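The next block holds one structure in the form of structure tokens; read it before the comments.
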Amino acid sequence: MARHGRRVLRTDFFRRPAALVARELLGIELVRNQDGGPTSSIITETEAYEGPHDLASHSSRGRTRRTEVMFGPAGRFYVYLVYGLHWMLNVTAGEPGDAAAVLIRGLGAVSGPARLTTALGIDDSLNGLEAAKQNGLWFEDRGHVVAPRQVLRSARIGVEYAGPKWTRKKLRFVLKGSVR
DNA sequence: GCAGTGATCATA
DNA sequence: ATGATCACTGCC
């Protein structure tokens, strides 16, 4: 493999615990290919959502039409609308049935999960698609090394409904220097 | 601090 | 059919 090549992340990358996938997605390029050609940005913020035991995770509310993708194989986009306004981009993690996913919350200059999907033109037409298949949206490892001291861990945003235990869990990962 | 916004899901 | 909820943003 080329040291500075474009390595498209394969499904195996995602078939690991969500917190690990969330950590390792920092520094990875998110590539969007639309009519105007491909653009890419570095991932600077993520959050892990674990399986049904994680009360902040959609999968804790059971298997429904919306959460069906979470219960399936890893490495699929899970895209849903929140507050009737904002698309959220996730990628599924773990083994089938783990029902875990990672929310992509920040990209280079773009801060905020809804502003990110708006900027990239992401909606539910991508829901359920395999990231590794490069269906207009995928992840690439370009060899950008993120050292442990560059990573800030904190509580997840906007999940107070899950109660103190799951609200306080440090499942948010931020690339230092990307947040003001 | 909180309004806007509408799909989703539980309840009936 | 109805009502509560909501992994956010932007404005006050």
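Side chains included, hydrogens not; waters and symmetry mates left out as well; all remaining heavy atoms used. All chains are named by letter (A, B, ...) in the order of the sequence lines, taking the proteins before the strands, and each is independently numbered beginning at 1. On a predicted model such as this, the values are computed, not experimentally measured, just so you know.
Closest approach to the R66(A) side chain among dT9(C), dC6(C), dT8(B) is made by dT8(B) (side chain taken as heavy atoms from C-beta onward). Closest to the side chain of R115(A), out of dG4(B), dG10(C), dA7(C), is dG10(C). Listed nucleotides dA10(B), dC8(C), dA7(C) differ in distance to T64(A); the shortest reach to its side chain belongs to dA10(B).
Base pairing analysis places dA7(C) opposite nothing; no Watson-Crick or G-U wobble pair with both distances below 3.5 Å involves it. When Watson-Crick and G-U wobble pairs are counted only if both distances are under 3.5 Å, dT5(B) pairs with no nucleotide at all.
The separation between R172(A) atom CZ and dA7(C) atom P is 16 Å, rounded to whole Å. As a whole-Å value, the separation of I157(A) CD1 from dT9(C) C1' is 13 Å. The distance between atom CG of L55(A) and atom P of dA7(C), rounded to the nearest whole Å, is 13 Å. The distance from atom CG of L81(A) to atom C1' of dT9(C) is 13 Å, rounded to the nearest whole Å. We find that CG of L103(A) is positioned 10 Å from P of dA7(C), with the value rounded to whole Å. Look at CG on D124(A): it is 15 Å from P on dG6(B), rounded to the nearest Å. The separation between H58(A) atom NE2 and dA7(B) atom P is 16 Å, rounded to whole Å. In this structure, L85(A) atom CG and dG6(B) atom P are separated by 7 Å, rounded to whole Å.
Judged by distance alone with a 3.5 Å cut-off, a donor-acceptor contact links the side chain of Y80(A) to the base of dA7(C).
With respect to the salt-bridge test (charged N to carboxylate O, under 4.0 angstrom), the residues R156(A) and D54(A) qualify. Salt-bridge formation is detected for the pair R63(A)/E68(A): a Lys NZ or Arg NE/NH1/NH2 atom is positioned less than 4.0 Å from an Asp or Glu carboxylate oxygen.
Of the side-chain N and O atoms in H86(A), none sit less than 4.0 angstrom from OP1 or OP2 of dA7(C). Contact between the side-chain N/O atoms of R105(A) and the OP1/OP2 oxygens of dC8(C) is found at a separation under 4.0 Å. Close to dT8(B), at under 4.0 Å from its OP1 or OP2, lies a side-chain N or O of R65(A). Contact between the side-chain N/O atoms of Y83(A) and the OP1/OP2 oxygens of dT9(C) is not found at any separation under 4.0 Å.
For the pair E24(A) (side chain) and V21(A) (backbone), a donor-acceptor distance under 3.5 Å is absent. Side chain of S57(A) to main chain of P52(A): no donor-acceptor pair is present (N/O by atom type, distance under 3.5 Å, no hydrogens or angles).
In this structure, R76(A) forms no cation-pi arrangement with Y78(A), as its terminal cationic atom is not both closer than 6.0 Å to the ring centre and no more than 45° off the ring axis.
Under the stacking definition used here (centres under 5.5 Å, planes under 30°), the residue Y49(A) qualifies as stacked on the base of dA7(C).
Across all strands shown, A56(A) has heavy atoms under 4.0 Å from base atoms, whether or not it also approaches the sugar-phosphate. Using a 4.0 Å heavy-atom criterion, one finds that R156(A) contacts no nucleic acid atom at all.
Rounding to the nearest 0.5 Å gives a distance of 14.0 Å between CG of L171(A) and CZ of R23(A).
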